[in-house]
Amino acid sequence: MGQPLTDKHILIVEDEAVFRSVIAGYLTSLGASVREAVNGVDALAVMQGYHPDLIVCDLEMPLMGGIEFVETLRLQDNRTPILVVSATSQMGDVAKVLRLGVQDVMLKPIRDYARLREAVMTCMYPDMFTSQLSEVEQLMEDMDSLNQSPDAVNKLLAQLQPPVHQKIAGCSVRYRQLTSLEQPGLVLDIAALSDDDLAFYCLDVTQAANNNGTLAALLLRTLFNGLLQEHLANQQHRLPELPVLLRQVNQLLRQANLNGRFPLLVGYYHRGLQRLILISAGLHAMLNAGEEQLVLNNGIPLGTLDGAYLNQLNHECSAFECQVWGRGGRLRLMLSAD
C-alpha cells in the first residue's frame, strides 16, 4: 500500500543535480522507475524509444528550458502528463505552460512532499477527479433548489441513512447513533465495493454554515463510491491510498464552492485480508478489536485548508467496534466478518 507508483515510469527533467536526486529518490520510494535528464535536449534524446507515464520538468534550464521542451512535445502530439516544478517568479511562464497542456505546476522549494505525492497521483490518474466534475455541476444545480428548503434536505438525508443492521460484502454490520433524525449531526454511509470489501464514511454536518454541511453530505453520497471504485481500479487491486482519496474529496468540496469545515472519517475493510483502514479528517475515533483498544486522533476537518491533514490507522481484525464522535454527536459502528 505504501508504493502506489509501482510499475510506473517517470522522467525527471532538472538541471540542479541535488534537487533532481532528491525528487528521484522520493518517487523511487513510492515504487516508480525513474530516469533523469538535465535539460530539454537531453530529455528528448532519452525519450527516443522511452515512453514515461509522467514527466516532472523544471522551466529554467540551459540549452533547452521547460517551455520550449513542452512546446516541442506538444507539437509532436505527445500527450504525456507533465508536472512542472520550478522556482520561477514569472507568472506569465506558468500561464504559458498551463495553456500548453501541463497538468499541474508546483513552485520550489518543495517543503511538503505529501503535496508532491498528491500532485503526481492527480497528474497520472486524472479520472479520479475530472470524471466527477460534470456530476458535481449537475448536482450543484439540484442543490440550488434544495438549498431553498433545509427541511427537505434534512428529510432526504434521514431517508438515505443505511439500515441499522445489514449483511454486506460477507460481513454483518450494525450501527447506533445518538443524534436526532430531524436535525442530522453525523451522517453515515456504507457501501459494498465487491464480495470481499466495503467502505464507509461518517460526516459531521454541523460545522458548516448556510446548510453547506447537509449539501456536502449529499455530494459525498453521490460521488464517494465512484471515486473509491476508480481509485481501487488505478491501484491495480492493492489496498486503497485513503489520504489521496480524501484530498480528492477536499478538492471536490472546493469545486462545488461549499465553504466551511467538514469533519470526516472514512473506513475501508477487506474481509479476505481482515484488514481495516481508518482515516480521520476532523472526527475522533476509538477502535476496539478483541482485547485491543486503539485511538485515532481527529486531524483537521476538510474545507479548513487547501490541503488535507489526516490521521490514519491500519489494523488486522476479523471483527471490530468503532466509536466516532464530534460536535454533531456520537456513533457506534460494529462489524464482524462472517
Side-chain angles (χ1 to χ4, degrees), residues 153-154 156-166 168-169 171-193 197-208 212-228 240 242-243 245-250 252-253 258 260-269 276-289 294-304 308-315 317 319-335:
V153 174
N154 291 340
L156 178 59
L157 282 179
Q159 292 172 344
L160 291 175
Q161 291 292 282
V164 295
H165 180 208
Q166 60 180 313
I168 182 170
C171 299
S172 175
V173 181
R174 302 172 183 266
Y175 76 94
R176 180 184 178 191
Q177 59 177 329
L178 303 175
T179 54
S180 168
L181 290 179
E182 288 74 25
Q183 295 293 327
L186 298 181
V187 173
L188 177 69
D189 191 16
I190 308 168
L193 302 173
D197 58 345
L198 60 87
F200 57 90
Y201 65 82
C202 184
L203 175 69
D204 186 342
V205 301
T206 64
Q207 294 195 38
N212 280 351
T214 49
L215 295 178
L218 289 177
L219 177 69
L220 276 174
R221 181 84 190 198
T222 301
L223 298 178
F224 182 82
N225 291 343
L227 279 172
L228 187 52
L242 290 185
L245 183 74
L246 261 68
R247 290 184 178 97
Q248 298 291 337
V249 172
N250 200 45
L252 286 169
L253 291 171
L258 291 178
R261 294 162 61 88
F262 305 98
L264 178 69
L265 180 133
V266 174
Y268 170 86
Y269 184 74
L276 171 68
I277 303 172
L278 288 175
I279 185 164
S280 177
L283 285 175
H284 301 276
M286 180 179 293
L287 178 70
N288 291 282
L294 304 170
V295 175
L296 180 64
N297 293 325
N298 57 330
I300 299 176
L302 299 186
T304 308
Y309 294 86
L310 319 160
N311 287 312
Q312 181 168 324
L313 183 155
N314 193 320
H315 192 66
C317 55
F320 66 84
E321 176 184 298
C322 182
Q323 297 186 56
V324 184
W325 69 94
R327 185 184 300 177
R330 182 180 291 266
L331 179 145
R332 179 178 298 161
L333 178 70
M334 293 148 284
L335 178 147

What I'd like to find out is whether the side chain of [X] reaches to under 4.5 Å of the side chain of [Y], using heavy atoms alone.
{"X": "Leu198", "Y": "Leu335", "result": "yes"}
{"X": "Leu186", "Y": "Leu203", "result": "no"}
{"X": "Leu188", "Y": "Pro162", "result": "yes"}
{"X": "Leu296", "Y": "Leu265", "result": "yes"}
{"X": "Val266", "Y": "Leu242", "result": "yes"}

[atom1]-[atom2] distance between [X] and [Y], expressed to the nearest 0.5 angstrom:
{"X": "Cys322", "Y": "His315", "atom1": "SG", "atom2": "NE2", "result": "11.5 Å"}
{"X": "Asn250", "Y": "Leu302", "atom1": "CG", "atom2": "CG", "result": "5.0 Å"}
{"X": "Gln177", "Y": "Cys202", "atom1": "CD", "atom2": "SG", "result": "7.0 Å"}
{"X": "Leu294", "Y": "Leu278", "atom1": "CG", "atom2": "CG", "result": "9.5 Å"}
{"X": "Leu313", "Y": "Ile277", "atom1": "CG", "atom2": "CD1", "result": "10.0 Å"}
{"X": "Arg330", "Y": "Leu283", "atom1": "CZ", "atom2": "CG", "result": "11.5 Å"}

Quick one, His165 with Ser172, criterion side-chain contact (heavy atoms from CB on, under 4.5 Å). Give me CA distance, side-chain angles, the key distance, then yes/no. CA-CA 7 Å; His165 180 208; Ser172 175; 3.2 Å; yes
What is the minimum heavy-atom distance between [X] and [Y], and which atoms define it?
{"X": "Cys317", "Y": "Leu276", "result": "SG-CB, 4.2 Å"}
{"X": "Ile168", "Y": "Ala192", "result": "CD1-N, 3.3 Å"}
{"X": "Asp204", "Y": "Arg327", "result": "OD2-N, 3.3 Å"}

Hey, mind stepping through Phe262 and Leu253 against side-chain contact (heavy atoms from CB on, under 4.5 Å) and telling me if it holds? CA-CA 9 Å; Phe262 305 98; Leu253 291 171; 3.8 Å; yes
For Asn288, check side chain to side chain donor-acceptor pair (under 3.5 Å) against everything at least two apart and list the hits.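 Residues passing side chain to side chain donor-acceptor pair (under 3.5 Å) with Asn288: Gln293.
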Distance-only side-chain donor-acceptor flag, Tyr269 / Asp197, under 3.5 Å: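 No donor-acceptor contact under 3.5 Å links the two side chains.
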So which of Val173, Leu287, Val324 actually passes side-chain contact (heavy atoms from CB on, under 4.5 Å) with Leu333? Val173
After noting the C-alpha distance and the side-chain angles of Tyr268 and Leu193, does the key distance pass the side-chain contact (heavy atoms from CB on, under 4.5 Å) rule? CA-CA 10 Å; Tyr268 170 86; Leu193 302 173; 3.8 Å; yes
Kindly determine whether Leu220 and Tyr201 satisfy side-chain contact (heavy atoms from CB on, under 4.5 Å), including the steps that lead there. CA-CA 9 Å; Leu220 276 174; Tyr201 65 82; 3.6 Å; yes
Using the test side chain to side chain contact (heavy atoms under 4.5 Å, CB included), find all partners of Val295 that sit at least two apart in sequence or belong to another chain.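 Val295 satisfies side chain to side chain contact (heavy atoms under 4.5 Å, CB included) with Met286, Asn297 once adjacent residues are dropped.
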Using salt bridge (charged side-chain N to carboxylate O under 4.0 Å, His left out) as the criterion, list what pairs up with Arg176, not counting sequence neighbours. none
